[in-house]
Amino acid sequence: MSVSVIIIMGAKGRMGSMIYGLAKDNPDFSVAALVERADLVPGLQNMGVKVAADLDAILPVPGAVVIDFTSPEVSMNSVRTALKHKAGAVIGTTGLSKDQVAELHEAAKTIPLLWAPNMSVGVNVLLKILPELVRLLGPAYDMEMVEIHHNKKKDAPSGTALKLAQCLAEARGWDYDDVKKHCRDGIIGPRPKDELGVQTLRGGDVVGDHTVYFLGPGERIEITHRAHSRETFAQGALRAAKWLSGQKAGRLYGMADVLL
Ligand code: NAD
């Protein structure tokens, strides 16, 4: 099997360090460089890997795929730099605006590009089966979600929760923006039928829990995904990078293209 060359953005971060830890001992991968904020670069030196504060100083590297789990602004800069050098990129960052997602779609016409708010097998299988549940249960069942994450998480609701909620809404023929309810407070009155609530809890070191509720007459179904470790996302990112290195540009890829 050919070796996949990767460049890891945000290498000191929770996800970046996990991805590097898995890739460095895996003969299927060669880490060409680690990129971090300038003030954190000294902490990455003497590891036997090229380190930089700027992706533009590293690229081009023949055949390399950039893996980026950082922040929306940093990830968008990585995509622009990857575009400049015609490199592929796997983006795991969440909290992107609609305009930023539109820019990803545009960039994907020129470079192999994959963006997924959740790289675990379990969540992507869930995304596959939820529309069938929505169809079988029918409109009598109200749909709600709760997500829990650690107390350092910046965006809410999580990118995974939004992806799951969009999947539920689409299966019911709704535009998620028309039905979303991210907060309830005060005298809210009866729940409208065309509503989809996503509530956020934050605390401790929770890696990521998502529960989808189907609340019907006399019964309910709860489907919960719990990530026990970031390793599931990091393995997904490496799998995505390996897959992407054999792909051409054309459209924005997601984890369903890699896993299912
Ligand atoms: P984190 O804050 O621990 O890591 C981000 C890293 O990016 C930090 O080390 C930071 O210093 C670095 N960084 C900041 N500016 C930079 C720059 N200019 N150049 C290079 N590096 C820079 O965050 P995290 O918990 O690792 O999460 C990162 C993102 O990934 C978040 O959006 C999170 O929601 C998302 N995430 C996605 C998945 C998935 O499966 N897709 C899983 C977990 C987290």
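What you see below is based on every heavy atom in this structure, not just the backbone, and it leaves out hydrogens, waters and symmetry mates. For ligands, and for the atoms within them, numbers begin at 1 and follow the listed sequence.
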Practice problem: Kindly compute the distance separating CD1 (Ile148) from OG1 (Thr211), expressed to the nearest 0.5 Å. | Solution: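 It is 7.0 Å, given to the nearest 0.5 Å.
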Quiz item: Are a donor atom and an acceptor atom from the side chains of Thr232 and Ser120 found within less than 3.5 Å of each other?
Solution: no
Exercise. Tell me yes or no: between the side chains of Ser97 and Asp99, is some donor less than 3.5 Å from an acceptor?
Key: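 The answer is no; no qualifying pair exists.
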Quiz prompt | pair Lys153-Ser158: side-chain heavy atoms closer than 4.5 Å | solution =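 Yes - at least one pair of side-chain heavy atoms lies under 4.5 Å apart.
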For residues 47-62, which side-chain N or O atoms pair as donor and acceptor with protein atoms under 3.5 Å away, sequence neighbours left out?
{"from": "Asp54", "atom 1": "OD1", "to": "Asp56", "atom 2": "N", "distance (Å)": "3.1"}
{"from": "Asp56", "atom 1": "OD1", "to": "Lys84", "atom 2": "NZ", "distance (Å)": "3.1"}
{"from": "Asp56", "atom 1": "OD1", "to": "His85", "atom 2": "NE2", "distance (Å)": "2.7"}
{"from": "Asp56", "atom 1": "OD2", "to": "Lys84", "atom 2": "NZ", "distance (Å)": "2.8"}

Tabulating one pair per line, provide the atom names and distances (0.1 Å) for every N/O atom of ligand 1 that is less than 3.5 Å from a protein N/O atom.
{"from": "ligand 1", "atom 1": "3 (O)", "to": "Arg14", "atom 2": "N", "distance (Å)": "2.8"}
{"from": "ligand 1", "atom 1": "9 (O)", "to": "Gly13", "atom 2": "N", "distance (Å)": "3.0"}
{"from": "ligand 1", "atom 1": "9 (O)", "to": "Glu36", "atom 2": "OE2", "distance (Å)": "2.5"}
{"from": "ligand 1", "atom 1": "11 (O)", "to": "Glu36", "atom 2": "OE1", "distance (Å)": "2.8"}
{"from": "ligand 1", "atom 1": "11 (O)", "to": "Glu36", "atom 2": "OE2", "distance (Å)": "3.4"}
{"from": "ligand 1", "atom 1": "21 (N)", "to": "Gly10", "atom 2": "N", "distance (Å)": "3.4"}
{"from": "ligand 1", "atom 1": "25 (O)", "to": "Arg14", "atom 2": "NE", "distance (Å)": "2.9"}
{"from": "ligand 1", "atom 1": "26 (O)", "to": "Arg14", "atom 2": "N", "distance (Å)": "3.4"}
{"from": "ligand 1", "atom 1": "26 (O)", "to": "Met15", "atom 2": "N", "distance (Å)": "2.8"}
{"from": "ligand 1", "atom 1": "32 (O)", "to": "Thr94", "atom 2": "N", "distance (Å)": "3.0"}
{"from": "ligand 1", "atom 1": "32 (O)", "to": "Thr94", "atom 2": "OG1", "distance (Å)": "3.3"}
{"from": "ligand 1", "atom 1": "34 (O)", "to": "Thr94", "atom 2": "OG1", "distance (Å)": "2.6"}
{"from": "ligand 1", "atom 1": "34 (O)", "to": "Lys153", "atom 2": "NZ", "distance (Å)": "2.9"}
{"from": "ligand 1", "atom 1": "40 (O)", "to": "Met119", "atom 2": "N", "distance (Å)": "2.9"}
{"from": "ligand 1", "atom 1": "41 (N)", "to": "Gly92", "atom 2": "O", "distance (Å)": "3.1"}
{"from": "ligand 1", "atom 1": "41 (N)", "to": "Ala116", "atom 2": "O", "distance (Å)": "2.9"}
{"from": "ligand 1", "atom 1": "41 (N)", "to": "Pro117", "atom 2": "O", "distance (Å)": "3.2"}

Quiz item: Quick check, are the ring centers of Tyr253 and Trp243 under 6.0 angstrom apart?
Solution: yes
